[in-house]
Amino acid sequence: MAKKRIVVFSGAGMSAESGIQTFRDNDGLWEQHRVEDVATPEAWHRDKELVLNFYNMRHKQLLTAEPNKAHLDLVKLEDKYFTTIITQNVDDLHERAGSSQVIHLHGELRKCRSEKNERFIKDMPLDGLKIGDTCPEGYQLRPHIVWFGEMVPEMDRAMETVQRADILLVIGTSLNVYPAAGLIYAAKKGTEIILIDPGDFGHTDIRHLHHIQKSATEGVGEVVAKLMHDL
Ligand code: APR
């Protein structure tokens, strides 16, 4: 029988149990700044130092974070299913857990790029970015992150991937931020949609959605065990 296709759509809740804070659980504040006020092109033009400090802090935190049991359990799916991870997270915990197909919708914290030529991408220096760190053409390096209001280059690929899914696992996202959150409406009729999140989702109007109101480590463990033993 042909292998089924599973797509995982993850958000900040996926990494919460790795010690990386979510955006909206602590009302999205960082050092008294609203994330929406720092993760924007306007903030970058207004105060590059503030934006670099924000991402250098998050990058430093990521260096000490480890994949949690939910990241590791998802890797097991690859033995039996075509598995693609589509994540809003900018951490590399899915990759470090061993997932082989990961699409980052909002960029990657471990990378930086030229503020002018977006094709010039390199690893983020371990001690972070400073003003004056430039690309070979002499332009300032910036975080390789999709800021609010910027295009989401991987969105089309993500939509096509969800449209081919037989099963869609939505893990740890408040489904607040578009266009990413729109992915759950891209699933074809009959796709089984499982939402794993301890929060309440009364407003969700998605057909065939089964909500496991548990943490990622608990809920993913249960779902993966079931999917690996389904006939
Ligand atoms: N396990 C699973 N889910 C959890 C856990 C946990 N241990 N703890 C919290 N959650 C859930 C919350 O209930 C919430 O639904 O994770 C979700 C986190 O939501 P947000 O903080 O809004 O994160 P996310 O949905 O990923 O935000 C999307 O917004 O700030 C931008 O670009 C940023 O990618 C981010 C986007």
Side-chain angles (χ1 to χ4, degrees), residues 7-31 33-44 51 54-55 57-59 61-62 65-74 85-94 97 102-111 142-155 158 162 168-185 193-206 209-224:
V7 173
V8 173
F9 176 42
S10 67
M14 183 80 213
S15 301
E17 292 160 276
S18 294
I20 296 179
Q21 68 188 44
T22 64
F23 292 95
R24 290 168 186 82
D25 283 347
N26 59 333
D27 54 55
L29 278 184
W30 166 73
E31 310 270 321
H33 291 283
R34 281 170 36 78
V35 173
E36 284 79 356
D37 296 339
V38 181
T40 65
E42 295 71 28
W44 177 248
V51 176
F54 174 59
Y55 285 97
M57 181 280 294
R58 292 176 63 197
H59 177 253
Q61 186 190 49
L62 176 54
E66 291 294 327
N68 61 56
K69 185 177 171 301
H71 293 105
L72 297 166
D73 281 345
L74 289 177
I85 310 276
I86 299 172
T87 186
Q88 299 170 89
N89 299 338
V90 292
D91 64 52
D92 60 344
L93 298 180
H94 281 299
V102 181
I103 298 175
H104 283 274
L105 291 179
H106 294 159
E108 299 179 64
L109 202 48
R110 304 292 300 267
K111 292 182 180 158
R142 58 163 273 185
H144 183 47
I145 298 288
V146 176
W147 285 330
F148 287 95
E150 291 187 317
M151 289 287 290
V152 179
E154 294 287 7
M155 199 60 207
V162 170
L168 176 61
L169 300 186
V170 181
I171 309 169
T173 173
S174 62
L175 298 170
N176 263 321
V177 174
Y178 284 78
L183 278 180
I184 50 172
Y185 298 102
I193 305 179
I194 301 170
L195 170 71
I196 300 168
D197 190 308
D200 293 320
F201 279 78
H203 67 285
T204 307
D205 58 354
I206 303 146
L209 182 129
H210 172 50
H211 181 193
I212 297 177
Q213 197 161 4
K214 293 185 176 174
S215 70
T217 49
E218 241 188 291
V220 170
E222 275 174 29
V223 169
V224 168

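Along the sequence shown, the residues carry numbers beginning at 1. For ligands, and for the atoms within them, numbers begin at 1 and follow the listed sequence. Values in this document were obtained by computation on a predicted structure and should not be read as measured data.
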> Can you name the one residue among Asp200, Asp197, Leu195, Ile196 that meets side chain to side chain contact (heavy atoms under 4.5 Å, CB included) with Gln213?
Replying inline: Asp200

>> Need the ligand 1 atom indices (1-based, order shown) with element for anything under 4.0 Å from a heavy-atom of Gly11.
In response: 26 (O)

> Do any N or O atoms from the side chain of Ser15 and from the backbone of Ser18 form a donor-acceptor pair under 3.5 angstrom?
Replying inline: no

> Checking side-chain contact (heavy atoms from CB on, under 4.5 Å) for the pair Val146/Leu105: CA distance, chi angles, key distance, verdict?
Replying inline: CA-CA 8 Å; Val146 176; Leu105 291 179; over 6 Å; no

> Using the ring of each side chain (for Trp, its six-membered ring), is Trp147 parallel, tilted or perpendicular to Trp44, with breaks at 30° and 60°?
Replying inline: tilted

>> Distance under 4.0 Å to a non-hydrogen atom of Glu17: what atoms of ligand 1 satisfy this?
In response: 1 (N), 6 (C), 7 (N)

>> At under 4.0 Å between heavy atoms, is it the side chain or the backbone of Gln88 that contacts ligand 1, or both, or neither?
In response: both

>> Using the salt bridge (Lys or Arg N to Asp or Glu O under 4.0 Å) criterion, which residues pair with Glu108? Sequence neighbours excluded.
In response: Lys111

> Is it the side chain (CB and beyond), the backbone, both or neither of Val177 that lies under 4.0 Å from ligand 1, heavy atoms counted?
Replying inline: side chain

> So, is Ser174 polar-close to ligand 1, with some N/O to N/O distance under 3.5 Å?
Replying inline: yes

> Hey, which atoms in ligand 1 end up nearer than 4.0 Å to a heavy atom of Gly172?
Replying inline: 3 (N), 16 (O), 17 (C), 18 (C)

> Against heavy atoms of Asp197, which atoms of ligand 1 measure under 4.0 Å?
Replying inline: 11 (C), 12 (C), 13 (O), 14 (C), 15 (O), 16 (O), 17 (C)

>> Nearest non-hydrogen contact with atom 21 (O) of ligand 1 belongs to which option: Trp147, Tyr178, Phe23?
In response: Phe23

> Nearest non-hydrogen atom to atom 2 (C) of ligand 1 belongs to which of Ala216, Ala70, Ser18?
Replying inline: Ala216

>> Under a 4.0 angstrom heavy-atom cut-off, which atoms of ligand 1 come close to Phe148?
In response: 30 (O), 31 (C)

> Could you state the interatomic distance from CG (Leu168) to CG (Leu209), rounded to the nearest 0.5 Å?
Replying inline: 9.0 Å

> Which atoms of ligand 1 are found less than 4.0 Å from any heavy atom of Thr173?
Replying inline: 15 (O), 17 (C), 24 (P), 25 (O)

>> Show me which atoms of ligand 1 lie under 4.0 Å from any heavy atom of Ala12.
In response: 23 (O), 24 (P), 26 (O)

